[in-house]
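Some notes on the structure that comes next.
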Amino acid sequence: MRLILLGAPGAGKGTQANFIKEKYNIPQISTGDMLRAAIKEGTEMGLAAKKVMDAGQLVSDDIIIGLVKDRLKAADCANGYLFDGFPRTTAQADAMKDAGVKIDYVLEIAVPDDQIVERMSGRRSHPASGRVYHVKFNPPKVEGKDDVTGEDLVQRDDDKEETVKKRLDVYHNQTEVLLGYYGEWAKSGQPGAPKYRKIEGVGPVDEIRDRAFAALSS
């Protein structure tokens, strides 16, 4: 199973990625993790990336694709791999295609913006333990207090409504175009074109998981 997971921030991709990884025994390919590992190991690509990052610049798509190709040669990718959060742009998608990175499925998890805002802005966490609550879906016993210690809960900056809306704007402006990119490619019938599947990311987590598994076997 070689797939790309698409969807807005807060759509639940991380949660579903864990189920998919377990079911198909495949690794999740994170460009951030790859960059850190390549820099630590001092590989050719890692050194090139470090030089760019030390200069305060963004790592080019060429370097990222080089890292991806190196990563896919690893033994744990024998059964396939899962991309979450990459590609982010059509230029990166083109570069992956040109590099011959094989993709079987592109799975879109669709959640309306207002539900994502409610889902993320309602989160509250207990910094010391990492326990997470939700004002509506998983409230603490006492409002604003951790169930175990009684200490104050906080809202992370990432989860503030205005931050969530900004992240959604960036997604719609930069990454949403990939839905059309992969949808059209899937319809083209070209050799090597992936299957494109879209599921609703609203409802109980295990129901969404079952939708994902059904989509990936169709």
In the single-linkage hydrophobic clustering (I, L, V, M, F, W, Y; side-chain heavy atoms under 4.5 Å), do [X] and [Y] co-cluster?
X	Y	result
Ile20	Phe86	no
Ile103	Met34	yes
Leu107	Tyr171	no
Val164	Val154	no
Leu82	Ile109	yes

Exercise for the section: Answer yes if the side chains of Ser218 and Arg197 hold a donor-acceptor pair under 3.5 Å, and no otherwise. Expected result: yes
Tell me whether [X] at atom [atom1] has more than 12 heavy atoms from other residues, nucleotides or ligands lying less than 6.0 Å away.
X	atom1	result
Glu22	CD	no
Lys21	NZ	yes
Lys198	NZ	no
Gln115	CD	yes

Fill in the blank from the handout: Correct closest heavy-atom pair for Arg167 and Pro9 would be NH2-CB, 3.4 Å
Problem - Nearest atoms (heavy-atom pairs only) where Pro87 meets Ile4 - result: CD-CD1, 3.8 Å
Exercise for the section: Take Asp76 and Tyr81 through the test side-chain hydrogen bond (donor to acceptor under 3.5 Å, both in side chains) and record every step on the way to the result. Expected result: CA-CA 8 Å; Asp76 64 343; Tyr81 36 82; over 6 Å; no
Practice task
Measure from the side-chain N and O atoms of Arg124 to the backbone N and O of Ser121, and report whether any donor-acceptor pair falls under 3.5 Å.
Solution key: yes
Exercise for the section: Report yes or no: does Tyr105 contribute a side-chain atom to a donor-acceptor pair with the main-chain N or O of Leu216 at less than 3.5 Å? Expected result: yes
Practice task
List the steps and the verdict of salt bridge (charged side-chain N to carboxylate O under 4.0 Å, His left out) for Asp94 and Lys97.
Solution key: CA-CA 5 Å; Asp94 280 334; Lys97 198 195 272 191; 5.0 Å; no
Problem - Geometric cation-pi criterion Arg209 and Phe19, 6.0 Å radius, 45° cone - result: yes
Practice task
Using the ring of Phe213 (Phe, Tyr or Trp, six-membered ring only), decide whether Lys23 places NZ or CZ under 6.0 Å from its centre and within 45 degrees of its axis.
Solution key: yes
Practice task
State whether Lys195 and Asp104 are salt-bridged, where the test is any N-O pair (Lys NZ or Arg NE/NH1/NH2 against Asp/Glu carboxylate O) under 4.0 Å.
Solution key: no
Handout entry: Residues in side chain to side chain contact (heavy atoms under 4.5 Å, CB included) contact with Ser60, at least two apart in sequence or another chain
Key = Asp62, Ile63
Practice task
Just jot down the side chain to side chain donor-acceptor pair (under 3.5 Å) partners of Lys165, sequence neighbours excluded, or say none.
Solution key: Glu161
Practice task
Kindly write out the residues that satisfy side chain to side chain donor-acceptor pair (under 3.5 Å) with Asn138, not counting sequence neighbours, or none if the list is empty.
Solution key: none
